[in-house]
Peer 1: 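This is the structure I want to talk about, given as structure tokens.
No experiment lies behind these values; they were computed from the predicted model shown. Here is how names work: the chains are called A, B, and so on, in the same order as the sequence lines, proteins then strands, and each is numbered from 1. All values below come from the heavy atoms of this structure, side chains included, with hydrogens, waters and symmetry mates left out.
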Amino acid sequence: MANLSVNIGGLELSNPVMTASGTFGYGEEFTPFIDIDRLGAYIIKGTTLNPRQGNDYPRMVETPAGMLNAVGLQNKGVDYFIERIYPRIKDYKSRLIVNVSGANVDDYAETARRLHPLDGIKAIEVNISCPNVKEGGMAFGTTTNGAASVTRAVRQAYPDKTLIVKLSPNVTSIADIARAVEAEGADSVSLINTLMGMSIDVEKRRPHLSTVTGGLSGPAVRPVAVRMVWQVAKAVKIPVIGLGGIMNGRDAIEFMLAGARAVEIGTANFVDPAVTMKVIDFMEDYCRRHGINDINEIVGCI
Amino acid sequence: MANLSVNIGGLELSNPVMTASGTFGYGEEFTPFIDIDRLGAYIIKGTTLNPRQGNDYPRMVETPAGMLNAVGLQNKGVDYFIERIYPRIKDYKSRLIVNVSGANVDDYAETARRLHPLDGIKAIEVNISCPNVKEGGMAFGTTTNGAASVTRAVRQAYPDKTLIVKLSPNVTSIADIARAVEAEGADSVSLINTLMGMSIDVEKRRPHLSTVTGGLSGPAVRPVAVRMVWQVAKAVKIPVIGLGGIMNGRDAIEFMLAGARAVEIGTANFVDPAVTMKVIDFMEDYCRRHGINDINEIVGCI
Amino acid sequence: MKQVKDFIIIDNCKSGDSYCRMVLSPADGSRLPEMLPGQFVEVGVETSGVLLRRPISINDVDYEANTLTLLVRNAGRGTSALMDMKSGDRINLLLPLGKGFSTEAPQGAKLLLIGGGVGVAPLLYLGKVLKNEGFAPEFLLGARTAADLLSLDEFKSVGTVHVCTEDGSDGVKGFVTAHPCLSEAYHRYYCCGPAPMMKAVAAVARRNGTDCEVSLENMMACGLGACLCCVEKTVKGNVCVCTEGPVFNINELTWE
Amino acid sequence: MKQVKDFIIIDNCKSGDSYCRMVLSPADGSRLPEMLPGQFVEVGVETSGVLLRRPISINDVDYEANTLTLLVRNAGRGTSALMDMKSGDRINLLLPLGKGFSTEAPQGAKLLLIGGGVGVAPLLYLGKVLKNEGFAPEFLLGARTAADLLSLDEFKSVGTVHVCTEDGSDGVKGFVTAHPCLSEAYHRYYCCGPAPMMKAVAAVARRNGTDCEVSLENMMACGLGACLCCVEKTVKGNVCVCTEGPVFNINELTWE
Ligand SMILES: Cc1cc2nc3c(=O)[nH]c(=O)nc-3n(C[C@H](O)[C@H](O)[C@H](O)COP(=O)(O)OP(=O)(O)OC[C@H]3O[C@@H](n4cnc5c(N)ncnc54)[C@H](O)[C@@H]3O)c2cc1C
Ligand SMILES: Cc1cc2nc3c(=O)[nH]c(=O)nc-3n(C[C@H](O)[C@H](O)[C@H](O)COP(=O)(O)OP(=O)(O)OC[C@H]3O[C@@H](n4cnc5c(N)ncnc54)[C@H](O)[C@@H]3O)c2cc1C
Ligand SMILES: Cc1cc2nc3c(=O)[nH]c(=O)nc-3n(C[C@H](O)[C@H](O)[C@H](O)COP(=O)(O)O)c2cc1C
Ligand SMILES: Cc1cc2nc3c(=O)[nH]c(=O)nc-3n(C[C@H](O)[C@H](O)[C@H](O)COP(=O)(O)O)c2cc1C
Ligand code: FES
Ligand code: FES
């Protein structure tokens with residue numbers, strides 16, 4: 001059988017398949033359907049320094065081949081996570097990665113600092129692409145300076161362990177942002193977060209989401225995500241994690257061919273809670289069919 | 001019956017429904033299915049100063065709820081258009097709008113200048129968002145300076161008649177670009193052009209398109225397009241034309257509620273060549289059902 | 001234990017173009033999992049323009065026949081595709097989801113099950129379970145017209161049925177809250193239907209001090225408590241309707 | 001005149017999981033438009049993951065019965081949904097599209113219709129039309145195995161049939177270009193099948209100076225000449241296969 005293990009900035013994964021933050025809860029919700037230990041890694045909910053109630057309902061609407069969400073980082077804060085949730089989920093064999101968000105640079109750094117001592121957490125993914133995080137009216141993830149400043153602060157607060165920065169697709173040049181966070185010491189970049197979108201109920205003449213705009217995910221965004229992964233993989237030397245609309249094994253391989261070393265699966269978990277296992281199975285089968293000994297061979301290979 | 005007529009920067013349309021450039025040929029292809037005279041306007045193929053062969057086949061691939069194209073502005077040039085095509089299509093009652101592209105600022109201006117004298121052409125739509133138009137490695141449409149310089153040159157070459165500038169969605173802030181072209185005298189902006197995307201044949205391990213990347217259109221992009229129309233309509237005073245994934249009357253109304261004064265229908269023409277007529281019918285019916293006397297009342301009304 | 005499983009459609013009986021009643025059995029012949037009244041399933045729909053599963057209440061369960069029944073209203077793309085399915089077709093379900101209605105009550109307690117439109121769906125199974133546990137459940141069913149009163153005969157076989165229609169074509173004319181039976185004393189109301197109806201029933205319950213449970217239909221993506229899309233504001237903050245509900249006691253909610 | 005129209009499926013006969021033969025008639029009872037052999041239709045497919053219409057050749061037309069036949073290979077999402085359709089179902093077609101094969105030839109001309117796999121589809125109607133015009137068309141049909149030889153009996157009722165299979169399970173073993181009949185003199189080859197097969201036949205035709213028309217299957221979006229997606233490089237530059245083709249004389253193409 002082919003080797004599926006990959007290395008993401010020092011972190012060894014048994015295979016390239018991870019779950020995307022905010023779509024997999026804390027993993028426990030999926031234990032009836034999958035063996036979490038078989039995942040390369042599982043990335044859990046966006047965590048912030050302080051508890052957040054998130055946005056008002058409605059937070060979700062379906063769109064053609066996609067969905068808009070406006071959850072708004074509802075979570076109980078990093079301390080609650082460390083005390084109450086972490087002990088329950090720290091012992092899976094699979095890598096546990098926490099997704100970190102913040103309202104300002106210090107919040108990001110402080111959250112990372114509190115997570116740093118925990119042995120069960122192998123890496124953090126810093127979300128600089130959340131529509132609720134403002135810097136001069138613009139999200140950190142949409143300027144090279146903003147992205148660099150968050151990365152610099154978190155890198156200091158979170159030394160030696162793997163630091164992944166998750167990029168926003170709502171930019172003119174995502175390769176520029178990727179280069180900026182690489183320069184500040186990120187070990188890896190993951191992309192894409194959601195595209196900013198909007199949908200209106202024409203009969204009621206009002207937006208479907210309480211927040212008017214929200215984040216678009218699902219298969220609709222895949223062509224944009226694959227293109228961005230391809231651009232970023234050519235622009236940086238650190239490993240790239242690809243996501244955005246992966247619904248099955250074929251789609252996951254598409255991202256790896258575009259240049260991703262690993263992939264994350266988001267919205268697809270809602271459609272089929274066992275999808276991650278099927279993606280791993282497909283990868284094994286794909287390697288066999290194509291005579292590939294090591295999945296790393298196909299990364300960026302088009 | 002409600003008033004459906006709208007005014008786009010001085011150009012009066014009998015209703016808000018137009019066809020999107022590159023998806024409607026020269027209109028003639030659709031005469032078996034629709035009455036062109038019933039359209040608010042029809043925007044024809046992207047026209048350049050010199051003839052272009054376009055890109056190699058394959059130029060198209062279907063994606064979830066969308067398609068990628070890489071036609072690359074295949075056309076016989078503005079002079080051929082004026083001599084051979086214009087005489088055939090100039091006499092429809094509906095407004096004829098030519099979509100103009102260029103390889104540099106002078107090409108844009110010269111093409112516009114040659115079209116200016118033609119009485120049958122009521123407006124031009126300047127496409128500053130074509131992936132094949134380069135300026136210092138970046139398309140004109142992705143920087144405020146680039147967008148402004150094209151608009152300035154075309155405005156000079158094309159005075160007094162309606163000048164629409166078509167914006168690229170592949171930017172961090174489309175509102176900034178819209179403001180820049182408004183400042184240079186554009187009478188209207190239309191958005192969105194295609195999102196840059198990519199798709200890979202994983203069995204053959206090569207991109208589906210000869211050009212690797214292409215432009216994403218169709219319902220998949222609609223939430224992004226609606227959001228951008230909403231942002232731009234708040235940012236500028238000139239009328240906004242909305243497009244991107246409109247498949248039916250409901251979708252068209254969604255764009256108008258987001259702030260569009262008129263709409264363009266693109267990919268949907270491939271799915272149902274009579275779709276434009278159905279959209280106009282829906283608008284009439286919608287106004288009746290909602291007791292709207294003038295469709296202008298609903299523009300931006302959420 | 002939650003599971004995701006293919007089912008075979010044993011029967012799909014349409015009432016006009018508006019409703020269908022689907023009888024399903026596991027495709028692999030396995031036994032149905034235990035399901036509680038008020039729980040729901042997430043149905044996978046393979047049709048153009050539908051990505052996410054659609055939440056549908058458990059209308060009835062027959063463990064002997066190993067069948068599960070759903071009652072579906074044609075509300076849009078997904079449900080209209082369900083209307084068109086034929087016996088023998090396969091369909092994928094995620095089930096059982098959510099917490100159900102409380103079925104404990106003092107012996108002999110008078111219980112009123114109030115349903116509006118397709119909201120009657122979970123009340124059939126609830127009524128049967130309550131009857132099995134020795135209660136004599138009563139139903140108060142409302143609909144726009146007599147034609148929209150679903151499964152009336154089945155409800156009658158479980159208990160007394162009070163009827164309201166908006167146009168007066170059957171039973172009392174008007175909304176369920178106009179029905180005289182609400183002036184009687186009940187131990188608890190169970191209510192499922194359009195939000196305005198549930199809010200009106202909740203107001204009646206609060207006024208006359210009756211315990212009241214309602215079943216919410218918030219928009220859902222995952223159905224598993226993972227996406228946090230389906231939240232309802234409660235006295236404990238935002239909670240997931242798919243895991244903490246869909247049934248809530250009105251005291252937990254922040255209505256009015 | 002091109003039209004977009006609903007059709008009713010009169011019959012949909014599957015061969016295994018790989019092919020189906022669909023007989024269609026206009027849903028409104030109107031007469032079929034005139035269709036030429038080699039022309040095609042664009043089929044609207046209502047299933048998840050399919051947006052654009054799918055181009056399918058006209059396999060047969062029966063003006064008396066007012067029916068149109070399509071022969072479809074299960075190649076992916078859209079065609080597999082077509083496989084699952086049942087008689088009585090509705091389907092929307094855009095038709096007739098493209099230019100067909102040339103049917104003029106000197107009286108008594110020997111004509112060979114070469115088809116591979118589902119590429120045999122347009123050759124049945126072409127053969128019938130040629131026969132009607134007084135020719136004695138011959139067929140050279142290739143497939144992977146005997147089971148993949150489609151509509152063999154129907155072809156035999158129109159003219160002499162030569163057969164090749166890759167595994168030798170019927171006729172000559174090997175590709176069509178290995179068949180001895182190609183050493184005979186023909187006035188024209190008509191060819192439809194996988195690109196490598198058409199290129200090999202074109203090479204034979206060029207070598208022995210036979211006139212040769214091929215039917216291309218470029219990816220299409222609109223089918224109307226509007227989108228310029230389906231272009232083929234020809235001696236006249238990029239031309240639309242959907243309007244200038246799908247049939248081309250090999251002299252127009254830039255193959256090799
Ligand atoms: C716990 C629960 C139990 C339900 N039980 C039943 C039942 O037994 N029978 C029944 O007919 N209906 C039931 N519903 C409602 C049903 O889920 C929606 O009518 C259905 O999802 C609409 O899907 P659609 O594709 O037909 O409509 P769409 O075309 O998607 O939209 C039509 C309307 O349906 C609503 N809707 C769409 N998607 C969802 C969703 N994922 N969740 C909730 N509402 C949605 C929207 O408000 C929209 O206005 C239940 C809903 C919930 C949350
Ligand atoms: C003029 C013409 C006539 C044809 N006649 C027939 C026929 O008589 N019978 C028949 O079975 N097939 C015919 N085809 C091929 C048929 O159109 C494709 O097999 C079909 O479109 C595949 O759709 P899908 O959704 O099943 O596959 P998908 O899942 O979309 O893709 C599977 C494969 O099919 C090909 N394909 C997809 N979409 C198109 C498209 N729009 N145009 C061309 N190829 C596509 C792709 O290369 C892809 O690799 C014809 C094609 C053309 C252009
Ligand atoms: C309901 C929902 C909640 C999400 N929450 C987060 C989050 O907390 N942090 C984050 O970085 N991304 C979040 N995302 C984005 C996803 O992780 C992912 O980047 C995006 O959905 C694209 O992938 P997909 O198309 O596979 O879903 C969320 C997405 C969804 C749909
Ligand atoms: C095949 C194709 C060709 C196109 N050619 C042009 C063009 O020449 N000029 C232009 O401004 N836009 C062109 N577009 C973009 C469309 O006009 C439109 O902006 C885009 O497709 C989004 O709208 P839709 O989703 O309704 O198709 C083209 C789009 C397609 C699909
Ligand atoms: S639907 Fe996802 S948490 Fe309830
Ligand atoms: S398919 Fe659109 S031009 Fe041929």
Peer 1: For the interface with chain A, which of Pro207(B), Gly218(B), Gly197(B) has the highest count of heavy-atom pairs at distances below 4.5 Å?
Peer 2: Gly197(B)
Peer 1: Name the member of Lys204(A), Met198(A), Met247(A), Glu254(A) that forms the most heavy-atom pairs with chain B at distances under 4.5 Å.
Peer 2: Met198(A)
Peer 1: Any idea which heavy atoms bring Tyr286(B) and Val202(A) closest together, and the distance?
Peer 2: OH-O, 2.5 Å
Peer 1: For Ser199(B), is it the side chain, the backbone, both, or neither that has a heavy atom closer than 4.5 Å to a heavy atom of chain A?
Peer 2: both
Peer 1: Sort Arg206(B) into side chain, backbone, both or neither according to what part of it lies under 4.5 angstrom from a heavy atom of chain A.
Peer 2: backbone
Peer 1: Find the one option among Ile298(A), Ile200(A), Ile302(A) whose heavy-atom pairs under 4.5 Å with chain B are most numerous.
Peer 2: Ile200(A)
Peer 1: Atom CD1 in Ile253(B), atom CG in Asp201(A): separation rounded to 0.5 Å?
Peer 2: 12.5 Å
Peer 1: Given that the side chain runs from C-beta out, which part of Leu68(B) has a heavy atom under 4.5 Å from chain A: side chain, backbone, both or neither?
Peer 2: side chain
Peer 1: How far apart are the closest heavy atoms of Ala220(B) and Leu216(A), and which atoms are they?
Peer 2: O-CD2, 4.0 Å
Peer 1: I need the single residue from Leu195(A), Thr63(A), Val221(A), Asn170(A) that forms a side chain to side chain contact (heavy atoms under 4.5 Å, CB included) with Val224(B). Which is it?
Peer 2: Leu195(A)
Peer 1: So what's closer than 4.5 Å to chain B heavy atoms on Val212(A): side chain, backbone, both or neither?
Peer 2: side chain
Peer 1: Return yes if a side-chain donor-acceptor contact under 3.5 Å exists between Thr172(A) and Thr172(B), otherwise no.
Peer 2: yes
Peer 1: When you compare the side chain of Pro64(B) with that of Arg222(A), does any pair of heavy atoms fall below 4.5 Å?
Peer 2: yes
Peer 1: What is the minimum heavy-atom distance between Met196(A) and Arg227(B), and which atoms define it?
Peer 2: O-NE, 2.8 Å
Peer 1: Measure Arg250(A) against the heavy atoms of chain B and call it side chain, backbone, both or neither at under 4.5 Å.
Peer 2: both
Peer 1: May I ask you to say whether Glu203(A) pairs ionically with Arg289(B), meaning some side-chain N is under 4.0 Å from a carboxylate O?
Peer 2: yes
Peer 1: Given the options Gln231(B), Arg205(B), Met228(B), which has more heavy-atom pairs under 4.5 Å with chain A than any of the others?
Peer 2: Arg205(B)
